[in-house]
Amino acid sequence: MRQTLSFIPTLRETPADAEVKSHQLLLRAGFIRQNTSGIYSFLPLGKRVLHKVERIIREEMEAINSVEVFMPALQQAELWQETGRWYSYGDELMRLKDRNDREFALGATHEEIITSLLRDEIKSYKKLPLTLYQIQSKFRDEKRPRFGLLRGREFLMKDAYSFHATTDSLDKTYDDMMQAYSNIFSRLGLNFRAVIADSGAIGGKDNHEFMVLSEIGEDTIAYSDSSPYAANIEMAAVQMEYTRPDEQARPVEKVETPGQKTISQVAEFLETTPENCIKTLVFKADEELIVVLSRGDHEVNDVKAKHISGAKLIELATPEEVRELLSCDIGSIGPVGLPADVRVFADNAVQSIVNGITGANEDGVHLKNVTPGEDFAVEAYGDLRFIKEGDPSPDGKGTIQFARGIEVGHIFKLGTTYSEPMKATFLNDQGKAMPYIMGCYGIGVSRIVAAVAEEFQDDSGFTWPSAVAPYEIHVVPVNVKDDVQRETGEEIYEQLKAQGFEVLLDDRKERAGVKFADADLIGMPLRITVGKKAAEGILEVKMREANETAEWHKDEVLEKAREFFKK
Ligand code: 9G3
């Protein structure tokens, strides 16, 4: 492609409101432009990267017999009402009406659509398993779109859905998807981990997120420094034994702690340590207030608290809700003397505390010598705390490290979460109508462009790996007014294109400095500069990622280019 015929509006300045380097460069290098908050246009170079990412995804989906379809973004409300999600999703689900005032959702995801499509077609176990996928725009009205393509309100997703007669069959497809996803992210050159994740509100049991390690990632991953174990921090299990000190439990005593609110303040004031304190939190689990206890130096993990309480949704109770329940402020609550109907859960570490400190459920008063089992009862102990760096890895191999990650994929075992309410059934081999057993598998395609952009760049711009680079070779005649340079550039361009290389020719009448800066900025893997030495048939070559240069004779360009791209 000739640059004079393309559309690559590079910028000199870094756009002010772009916070992360991938967003800054994608704008500066003319790959994307923002239309409005969280909504972007892909310009020619950005579109070509998108196209290559999609091609890799399609190849890996084909390889595991996942078949491509294309579903509507306009989704009739009735389907979302069948699963209840019309009501359970709030402002994030974009809704509109048609000319007859009928209600629609703009597709945030496609479980309802694809399940309604199949329930009319697939009636027998003989037609299962079936895995379908699409690559399509999704709409989610994020409260805080940010970081460019990393969190947008309209974005491109590959979403696949699998349908099975048995859980074994689902397990097989799930494992195939795990492998296909690993292939995809490896081919993209990304440093990723498949992590054990929480399925959020959509139910189902097994699910894994694919995280690209990045310091701008929104998620925290807990991973073992000497095994493949990795989990979203919300799900990382704590496998630790706690020993109870063999001291005698003493009678509980009230103690004035005026103005001491936090665990560390109370511990210091009473000359003890947070390990000897019992932290008490009140959560709203669905509509019920529950109490969750942890050792003073640990943090309660709300996702684990959600699982042990069986709630679908959980959030910290407000100070008003706490005062209404316990007639004191949050800094003074404790497990002793709670109303009998309040459920109490405690992290395993709490049972190793003897003569500990807790709030007295009176403002400015705490209790000393509190011992679980003696002075208060617990409905259940469990692993309820966030794992910490240095904790032993739950698989018993090595210790836990933290890393930030960008979620680029998420796969779920859905079971009958959608087929049940939608009465999407098949006749099994006993002739009995059973709901499909389902899985769903997402990849953030436009988010991947940003994740690769975040990874592959240096001080002067992008260093695209050839798997996703907009073009493989960038031919840059330095001075198009010089006949030799111009004609040599044209000759090389045509020759390489004829041999199947993806070539961009900088045929603009720009100064050398501008051309070189732009070439570095947009970052094709191989740049062939046609300068003064073209008169002797010598071309200067730059391998962008390694930032190395070489001189090639124009007669060897084809052979050398094949060698470079291992074609
Ligand atoms: C919504 C809105 C936002 C959502 C969802 C629905 C996330 C929603 C979870 C999934 C699960 C999988 C198939 C592809 C892979 C991910 N955010 N999720 O269901 F209405 Cl506004 O999308 N779906």
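First listed ligand is number 1; within each ligand, the first listed atom is number 1.
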Closest to atom 11 (C) of ligand 1 among Met94, Glu92, Gln134, Glu111 (heavy-atom distance):
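The nearest heavy atom belongs to Glu111.
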Which of the atoms in ligand 1, numbered in the order shown and given with their element, are less than 4.0 Å from a heavy-atom of [X]?
| X | result |
| --- | --- |
| Tyr161 | 13 (C) |
| Phe412 | 11 (C), 12 (C), 16 (C) |
| Ala108 | 1 (C), 2 (C), 20 (F), 21 (Cl) |
| Trp80 | 20 (F) |
| Leu93 | 20 (F), 21 (Cl) |
| Asp159 | 14 (C) |

Electrostatic pair Asp219-Arg404, nearest N-O below 4.0 angstrom:
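No, Asp219 and Arg404 are not salt-bridged.
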I'd like to know if Asp91 and Lys143 make a salt bridge, using a cut-off of under 4.0 Å between side-chain N and carboxylate O.
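No salt bridge links Asp91 with Lys143.
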Go through the steps for Phe210 and Phe185 under the test ring-ring contact (aromatic ring centres under 6.0 Å, His included), then give the verdict.
CA-CA 9 Å; Phe210 285 78; Phe185 298 124; 5.6 Å; yes
Between the side chain of Asp159 and the main-chain N/O of Gly442, is any donor-acceptor distance below 3.5 Å?
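Not confirmed, Asp159 side chain does not pair with Gly442 backbone.
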Validation row: Asn232, Ile221 side chains within 4.5 angstrom (heavy atoms):
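When only atoms from C-beta onward are counted, Ile221 and Asn232 do not touch, as no gap falls below 4.5 Å.
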